[in-house]
Amino acid sequence: MIKFLFFSALLFLPLSLFSQQFTRIDSGPVVSDGGDSRSVNWIDTDNDGDLDLFITNGPRNGQNNLFYENQGDGTFAKIDSIAITKDAAPSDGSTWGDFNNDGYPDLFVANWYGANNLLYLNKGKNDFDVVEDVAAGQGGYSESGAWIDMNQDGFLDLTVANSAGNNKNNFVYRNTTKEHLSGIWLAPISTSGGSSRHMDWADYDNDGHPDLFIANENSETNFLYHNNGDGKFTEITVGAIATSRSSSFGSSWGDYDNDGNLDLFVANWGASNNLYKNDGDGTFTRIAAGAIVSDGGHSIGTAWGDVDNDGDLDLFVANGFSPLTTSNFLYLNNGDGTFSKDNSIVSTEKGWTYGASFGDLNRDGYLDLAVAKCFGANENNALYLNNGGANNWLAIKLAGSVSNRSAIQAVVRAKATINGKAIWQMRQVSGQDGYCGQNLEVHFGLGDASVIDSLVVRWPSGQIQTVTGVEVNQLLQLTESATTGFLRPHFKAEERDATTSDVINFKDLSVADEDQPIVSWEWDFNNDGITDSDEENPGWQFQTAGTYSITLKVSNGSTSESKTFEDYITITSAPTSVAATENNDPSQFRLAANYPNPFNPTTSIEYEIGRAGFIELNIYSLLGKQVGTLVRTTMKPGHYKAAFDARHLPSGVYLYRLSVGGKIYHSKKMLLLK
């Protein structure tokens, strides 16, 4: 039986509700760019402590995405020379998550209009590699993706929503743990069809297992799947969420009434939106009155956030693709289960908005707002600075160890005394906060609370961590501790495609109980059962071309565990080497990432020569066949650029290598997409 909860009409609204909480930023690269923008992600890509900004663009003919590096002073620098800004694809949703657990968040971008999706591996310092993977090879009409550790093995899996094409079933990818995703057929998530726009994971019944909501358009019913905790899911077919029909674009989970249960807001296009109150027993009550469910509109993106830091969640709703320009909605939480509609600048500016996300760009403790604009496919994006106030706050960045490194699906509860009343609040770390919006940090508004009495983290592994007496007004970084005796081997190679003249550096990423740390490492680089290195982070040069499986065995002194990555390293033969000139220091030479990458059919390669010598810049296939020579001459020290035209070559991954005096100093990959 569907239950309805009515909001009483508010006849008198306090003036503070209509104060200008936000100021529009009118200068800088973020608000001077745009086009046909879609997704908004606040993400600390380089682990420097501040939030960078990534925005996708999605016109039919493709458009490069946008990345802005936070300078730490409230301003941004646009970076357009890295792989994630050179896809020239029709991109919709994007989601960040550290899927190889190396400490750097990686990126999945969903593409529409028949284009394949893209998966990028973050190597640190804003250096990204395109990953040749099934998750990138599939696509066509994908709307968005969401990272999630479905089987709670400590590694992020990926789900992708599809809305059109011959096969509208959604995608599910299992993480093989070696920087590779494997497609799986997981009923009913990937068998139910549906014109799906958005996937939203949340543990709505607090049983420790993430459940899934999928928003479907075209007046279809939405999907709600309960996680059984055994690797299987059950589709919920009764109740308000599962039976309502609208053209739903997005959704967001948030505990707006601070009762310890995640509630659900659903954004509908061309109809009124839906708010479902979680009753705490596996059922939901549909809110039937109030502006938040009666405004109508053409709603797309959504984002919960405590914009005034008073201790309860407010809600931003993005509207677009209406017959004319339209404005967005901001609903301020009254603290009693009801909302009042804001009429400040974020709610009155016209245009079309797609995705949106809250993030504290200047670290003043108040959530700012970035929105992706798309009217006429040439509208500049918008950034709103929160004017702040006197209320206290806490921001938290989590790092998993037994759990996935991004701590996606961690649940955080904070207890503080606000206005004389003890209040528990709850937040979760999400692989997608709302359709085309994401921020991996969690934020609490604390009102006049001077201290947080208790902070309780339920990690995705199931571990519970409690911290008491937490100071307010800080960015708190918490790392999960491994359980007693825990030992899990894991590693990565800095490069997986190299030549017989390259030294490949390996990094140990194993996790162990800090009271029983790892004391020995045994590396087998050719899988012959013989230990090749006992260093923690060794370098290794393969002498023969081929594909190699790598095994790492670690010991904490009492137990040992090993891990093998099959067919992990690909080695090609290097050109015949001539003795290098007198100085072999590779730091004297630099080979930059090609621009653009991916490319079609031309790209440029910049390089620096630190001393005079005979320079070669050659292009090779992955099989080691030389397919082009860009430079072959004696050169003086300096900064140079070479152009590469690949119109005669098929699509694929190619290597470009800089050699001096016959010795290869640097090698990088590039992707040709035709």
Side-chain angles (χ1 to χ4, degrees), residues 42-44 51 96-98 105 147-149 152 156 200-211 252-264 278 280 303-306 309-314 333 357-360 365 367 391-418 422-434 438-447 449 451-481:
W42 291 104
I43 186 76
D44 185 2
L51 292 174
W96 293 78
D98 185 359
W147 295 104
I148 185 70
D149 184 2
Q152 294 174 297
L156 287 173
D200 210 348
W201 290 88
D203 181 10
Y204 71 78
D205 56 356
N206 290 326
D207 66 352
H209 305 295
D211 310 300
S252 292
W253 293 93
D255 182 14
Y256 75 86
D257 52 1
N258 290 336
D259 67 350
N261 300 301
L262 290 170
D263 311 297
L264 178 66
N278 191 328
W304 291 104
D306 188 352
N309 284 349
D310 65 350
D312 47 44
L313 287 172
D314 311 300
N333 195 325
S357 183
F358 287 112
D360 183 6
L367 292 173
N391 287 333
N392 295 321
W393 55 275
L394 178 71
I396 306 173
K397 184 176 182 180
L398 298 175
S401 58
V402 179
S403 304
N404 69 87
R405 186 65 177 267
S406 294
I408 287 176
Q409 215 50 51
V411 174
V412 186
R413 290 178 170 85
K415 179 186 178 184
T417 301
I418 302 175
I423 295 175
W424 279 98
Q425 299 181 62
M426 180 172 68
R427 305 286 187 268
Q428 68 169 357
V429 181
S430 299
Q432 198 78 169
D433 296 324
Q438 185 192 25
N439 185 344
L440 289 175
E441 293 182 358
V442 296
H443 171 271
F444 291 94
L446 297 169
V451 67
I452 297 175
D453 302 323
S454 297
L455 189 67
V456 180
V457 181
R458 189 184 72 197
W459 295 93
S461 65
Q463 292 192 88
I464 303 296
Q465 180 178 356
T466 301
V467 184
T468 59
V470 179
E471 294 183 4
V472 299
N473 300 336
Q474 64 164 319
L475 171 62
L476 180 65
Q477 302 198 41
L478 292 177
T479 300
E480 180 185 23
S481 297

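Every heavy atom of this structure was used, including side-chain atoms; hydrogens, water molecules and symmetry mates were not.
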Asn473 and Asn392: side-chain hydrogen bond (donor to acceptor under 3.5 Å, both in side chains), yes or no, with the steps? CA-CA 6 Å; Asn473 300 336; Asn392 295 321; 2.9 Å; yes
Are [X] and [Y] close enough that some pair of their side-chain heavy atoms sits under 4.5 Å apart?
{"X": "Lys415", "Y": "Ile423", "value": "no"}
{"X": "Gln428", "Y": "Ser430", "value": "yes"}
{"X": "Thr468", "Y": "Asp453", "value": "no"}
{"X": "Trp304", "Y": "Asp314", "value": "no"}
{"X": "Trp393", "Y": "His443", "value": "yes"}
{"X": "Arg427", "Y": "Asp306", "value": "yes"}
{"X": "Trp424", "Y": "Ser454", "value": "yes"}
{"X": "Leu455", "Y": "Thr466", "value": "no"}

Qualifying residue, where the test is side chain to side chain contact (heavy atoms under 4.5 Å, CB included) with Asn278 and the options are Asp259, Asp205, Asn261: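 Exactly one candidate clears the test, Asn261.
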Given Leu394 and Leu476, is the side-chain contact (heavy atoms from CB on, under 4.5 Å) satisfied, shown in steps? CA-CA 7 Å; Leu394 178 71; Leu476 180 65; 4.1 Å; yes
Nearest-0.5 Å distance that lies between atom [atom1] in [X] and atom [atom2] in [Y]:
{"X": "Asn439", "Y": "Trp42", "atom1": "CG", "atom2": "CH2", "answer": "8.5 Å"}
{"X": "Leu313", "Y": "Phe444", "atom1": "CG", "atom2": "CZ", "answer": "9.0 Å"}
{"X": "Gln438", "Y": "Trp147", "atom1": "CD", "atom2": "CH2", "answer": "10.5 Å"}
{"X": "Gln432", "Y": "Asp200", "atom1": "CD", "atom2": "CG", "answer": "8.0 Å"}
{"X": "Ser406", "Y": "Ile43", "atom1": "OG", "atom2": "CD1", "answer": "6.5 Å"}
{"X": "His209", "Y": "Asp149", "atom1": "NE2", "atom2": "CG", "answer": "12.0 Å"}

Nearest heavy-atom pair of [X] and [Y]: which atoms, and what distance?
{"X": "Ile408", "Y": "Gly97", "answer": "CD1-CA, 4.2 Å"}
{"X": "Ser401", "Y": "Ser481", "answer": "OG-C, 3.9 Å"}
{"X": "Ala303", "Y": "Ser252", "answer": "N-OG, 4.0 Å"}
{"X": "Asp310", "Y": "Asn333", "answer": "OD2-O, 4.0 Å"}
{"X": "Leu446", "Y": "Ala416", "answer": "CD2-CB, 4.2 Å"}
{"X": "Ala410", "Y": "Leu398", "answer": "CB-CD1, 3.7 Å"}

Take Ile396 and Val412, measure what side-chain contact (heavy atoms from CB on, under 4.5 Å) needs, and give me the verdict at the end. CA-CA 9 Å; Ile396 306 173; Val412 186; 3.9 Å; yes
Is Asp203 salt-bridged to Arg458, going by a charged N under 4.0 Å from an acidic O?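 Yes, Asp203 and Arg458 are salt-bridged.
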Worked check of side-chain contact (heavy atoms from CB on, under 4.5 Å) between Val457 and Val411: CA-CA 6 Å; Val457 181; Val411 174; over 6 Å; no
Around atom CD of Gln474, are there more than 12 heavy atoms of other residues, nucleotides or ligands at under 6.0 Å?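 Yes, the 6.0 Å shell around CD holds more than 12 heavy atoms from other groups.
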With side-chain hydrogen bond (donor to acceptor under 3.5 Å, both in side chains) as the test, pick out the partner of Glu480 among Gln463, Arg405, Gln465.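 Answer after filtering Gln463, Arg405, Gln465: Gln463.
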Determine whether Lys397 and Asp44 satisfy the following criterion, side-chain contact (heavy atoms from CB on, under 4.5 Å), listing intermediate values before the conclusion. CA-CA 10 Å; Lys397 184 176 182 180; Asp44 185 2; 3.1 Å; yes
